[in-house]
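Notes to accompany the following structure.
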Amino acid sequence: MTGLSREDIARRAAADLWDGAVVNLGIGVPSLVANYVPAGREIVYHSENGVLGVGPSPEAGKGDPDLINASKQLITLMPGASIFHHTDSFVMIRGGHIDLALLGAMQVSVEGDLANWSTGDEKMPPAVGGAMDLAAGARGVYVLMEHTTKDGSPKIVERCTYPLTAKRVVKRLYTNLAVIDVTPSGLVARELAPGLSFAELQGKTGAKLDLANDWKPVSV
Amino acid sequence: MTGLSREDIARRAAADLWDGAVVNLGIGVPSLVANYVPAGREIVYHSENGVLGVGPSPEAGKGDPDLINASKQLITLMPGASIFHHTDSFVMIRGGHIDLALLGAMQVSVEGDLANWSTGDEKMPPAVGGAMDLAAGARGVYVLMEHTTKDGSPKIVERCTYPLTAKRVVKRLYTNLAVIDVTPSGLVARELAPGLSFAELQGKTGAKLDLANDWKPVSV
Amino acid sequence: MINKLVASMAEALKDVKDGSVVLIAGFGNSGIPVELIDGLIEQGAKDLTVVSNNAGSGRTDVAKLLGTGRVRKLVCSYPRTSGSVVFEEMYSAGKLELELVPQGTLSERMRAAAAGLGGFYTPTAAGTKLAEGKESRMIDGREYVLEKPLKGDVALVKAERADRWGNLTFRLAARNFGPTMAAAADLAVVQAREIVELGAIEPELVVTPGIFVDRIVHVPTPKQAGTP
Amino acid sequence: MINKLVASMAEALKDVKDGSVVLIAGFGNSGIPVELIDGLIEQGAKDLTVVSNNAGSGRTDVAKLLGTGRVRKLVCSYPRTSGSVVFEEMYSAGKLELELVPQGTLSERMRAAAAGLGGFYTPTAAGTKLAEGKESRMIDGREYVLEKPLKGDVALVKAERADRWGNLTFRLAARNFGPTMAAAADLAVVQAREIVELGAIEPELVVTPGIFVDRIVHVPTPKQAGTP
């Protein structure tokens, strides 16, 4: 059971973005979200390196090397886009002007703690980028990630063992296996990858899940 | 003995500005300095309201109401001028990027203390503007002012009685009567208004002056 | 669809509450959003704290707002100018509280609010009367004063050009406090002389990105402050 | 006459001293001043502290500089990317000290240096390992970390257009750290693709005013970082 592709995770997350939302796209799967704007809505995608109004990826072979996103992939600009310097970009991020940050994660806890910058392995050089600024500053944080590590270990856990990016910030998770809300009473699975049973999902999750009464299969 | 006109004070101060100097012009007499750029030099005049490259006053009846200086007088722009917002303007000021601030003063002390924002009279509403930022942030501060108050009281004093703008910042004074340096060993008159005796100057000054050996009449 | 353009001044200023902190852009008579100020007077909110570099001259715009008696407190760097008669009247009659703030500190405090900072240490005003009662500390041998962010509930800003996303440009030195105030208020209301199609402002030339702007009202022939 | 344009790379980088703090603009491969970095390697200064968002990929530009062994310390937000082989080699061999700083804090610290501030309180990293050893305080019920200014001795910046006063514009998102770094260093050295007449950049459209720039070298066909 591999569940959704990276593109489908991005497409599913995009479907929840409301008209007019200002959404920062972090490194990894979140960068793909710019390719999926729900019909009839305008979403303003923000990239930490100084772009507001990120459009979809350019056609293969096209694109400008000075128009890139946080993942250093080529982007396009929407009409209405603006360019600004890095310090102003983080005024937007830290100052609470971003509605949602879509971030990748190494671990997310039951309480919404986020760990996505270091495994704590001293030999492995760390990299934090804008993750801590986004986690501290965006009005909401959703995580897009593979449900488990490559070797199958759970990334959704009772308590993060990796160094934290920020405490109690994640509100929702989109993985290849499920859509899960972080609620005051714990993690609630709202949608499951087609064909996946709740027992299977729980088995790949390192923290107790509840299944929403109105749960449904993920549709993309 | 009224000595130099306001225009002549400005012209005299301008003569000391070096090629390439970045000079903020404060309210009052300093605003006039933009009209007097010494031949063969380029001076970059800064106005706190977001202009670098202030040119001379426009011809009477011309000018743009959205091009004004700190004194709210109409200005022009030099080729090479730039416009920026207020916060960036004070990055320049506070961050030590301005070579010289030319300011007005109510009182200046022997040690270069500057008082130019309040008489301390509680009934008189105060106004500080950018004076404290300039005094704290510019690499040098020169004062341009009338030598005495309208009623003849000295403005150059042993110790300021008015609330301070900043301590030990003034390096040089240009008044209608003299050019005076603030030195570690006290105030030194370098130039005297034509026809003025040193005794007369000392008589209108509330602190002990020394006369420079190589003193000369102010020439404008 | 994102459309921050509103049809009327009333709509632009609806729900400005009594007790609001109102940031008003402008320096001298340049960049003053005269029509928005008139709109705010019409709207009627009272017990306001107004943050503005000057206090107006004559009896129009900022001075007119002060004259309504609906401003409890003025946060300002340079309230007393030639012609600041209304301010002087209100101040000497004890009808207006004044918080005098150095101009760069005023601007930086609003920027700190916009940037989500908890405060900053500035050398400006250290050791002076304007630093009294404030925390100060020595950093690398120099004295700094701790200043707190200054956030607006509402900002009133005058722009030259706007699109429906709220991207703005400004006219010459009328830019002054506009970009900082728009970013520092929960509700940034902008009057723009010209409304342009989305995409008409080149991305590199946007001065205030739309993220900082909430409502735009079209004022095609704005009054310059200080003119009758 | 003010003329910040210099005739050669050697002149642009003369008197960069051993032990300097060097701010290098760019994000990923965009905005990296490749030719200035090559010039600095040629110039030979050592024992450097480099401040840069990334640590380069492959063996060119920032990575090439790290590979010379002349960088003692790297201040960086995201050193480990695909292809950051030189950084990983130097780091695991213990030949490079790393100060990891959140990206917004990195930028804001340089801006604080540019702005003459003594420090600021940020919520970023509060309660995390990256705040360990730093002063923190509660402000209005939220935890903030005190961060200090980060000043450069030298900044290396890539611009699109420059005039002899040092006014700059940038190309698209290659702007990134350029304006902040130019302002935050004692000596701001800029490579510009195009040198234009004074006055050719409209005053309202200047991105970095010349006051922040010290030397400009003309690099008409700049290499994009990451290309062989």
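Bear in mind that the values here come from a model prediction, so they are computed numbers and not experimental data.
Between F27(C) and H86(B), the gap from one ring centroid to the other is short of 6.0 Å.
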### Message
Under the criterion side chain to side chain contact (heavy atoms under 4.5 Å, CB included), I'd like the reasoning laid out for T124(C) against F90(B): C-alpha separation, chi angles, the key distance, then a yes or no.
### Response
CA-CA 11 Å; T124(C) 300; F90(B) 281 82; over 6 Å; no
### Message
Run the side chain to side chain contact (heavy atoms under 4.5 Å, CB included) test on K72(B) and N29(C) for me, step by step, so that the C-alpha distance in whole Å, both residues' side-chain angles and the decisive distance to 0.1 Å come before the verdict.
### Response
CA-CA 8 Å; K72(B) 284 87 182 176; N29(C) 288 327; over 6 Å; no
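Within 6.0 Å of NZ on K134(C) lie more than 12 heavy atoms contributed by other residues, nucleotides or ligands. With a 6.0 Å radius and a threshold of 12 heavy atoms from other residues, nucleotides or ligands, K148(C) has its NZ atom at or below the threshold. Within 6.0 Å of atom CZ in R139(B), more than 12 heavy atoms from other residues, nucleotides or ligands are found, so the atom counts as buried in its surroundings. The number of heavy atoms from other shown groups lying within 6.0 Å of NZ (K64(C)) does not exceed 12. Counting non-hydrogen atoms of neighbouring residues, nucleotides and ligands closer than 6.0 angstrom, the CZ atom of R168(B) reaches no more than 12 such neighbours. The number of heavy atoms from other shown groups lying within 6.0 Å of CG (D121(B)) is above 12.
In terms of heavy atoms, L172(C) sits closest to D66(B) at CB-O, 3.6 Å. Closest non-hydrogen pair, A136(B) versus R142(C), comes out as O-NH2, 2.7 Å.
With respect to chain C, the highest number of heavy-atom pairs below 4.5 Å among G130(B), G137(B), P126(B) belongs to P126(B). Contact tally against chain B (heavy-atom pairs below 4.5 Å) for G28(C), A173(C), P179(C): the top residue is A173(C). In terms of heavy-atom pairs under 4.5 Å with chain B, the best-connected choice from G127(C), A225(C), S107(C) is S107(C). Contact count versus chain C (heavy atoms, under 4.5 Å) is highest, among G129(B), S47(B), A70(B), A131(B), for G129(B). For the set G50(B), P65(B), A135(B), the count of heavy-atom pairs under 4.5 angstrom toward chain C peaks at P65(B).
Here the CD-CZ distance, from Q103(C) to R94(B), works out to 11.0 Å after rounding to the nearest 0.5 Å. Atom OG1 in T128(C) sits 12.0 Å away from atom CG in D113(B) (nearest 0.5 Å). The CE atom of M181(C) sits 12.5 Å away from the NE2 atom of H85(B) when rounded to the nearest 0.5 Å. Rounded to the nearest 0.5 Å, atoms CG (N176(C)) and CD (E48(B)) are 10.5 Å apart. A distance of 10.5 Å separates CZ of R80(C) from CH2 of W117(B), quoted to the nearest 0.5 Å. Taking OG of S30(C) as the reference point, atom CG of L67(B) lies at 7.5 Å (rounded to 0.5 Å).
Proximity to chain B (any heavy atom under 4.5 Å) is shown, for S84(C), by neither the backbone nor the side chain. In this structure, the portion of P163(B) lying under 4.5 Å from any heavy atom of chain C is its side chain and not its backbone. For a residue to count as touching a neighbouring chain, one of its non-hydrogen atoms must lie under 4.5 Å from one of that chain's; by this rule F170(C) does not touch chain B. Residue R111(C) touches chain B through its side chain alone, counting heavy-atom pairs closer than 4.5 Å. Heavy-atom distances place no part of S71(B) under 4.5 Å from chain C, backbone and side chain included. Interface residue V101(C): only backbone heavy atoms are found under 4.5 Å from chain B. The contact between I27(B) and chain C is made entirely by side chain atoms (from C-beta outward), counting heavy-atom distances below 4.5 Å.
Two residues are said to be in side-chain contact when any heavy atoms from C-beta on lie closer than 4.5 Å; I83(B) and R175(C) meet this criterion. For the pair L100(C) and P125(B), the minimum side-chain heavy-atom distance is 4.5 Å or more.
At a threshold of 4.0 Å, the pair R171(C)-D64(B) counts as salt-bridged, since one of the basic side-chain nitrogens sits closer than that to a carboxylate oxygen.
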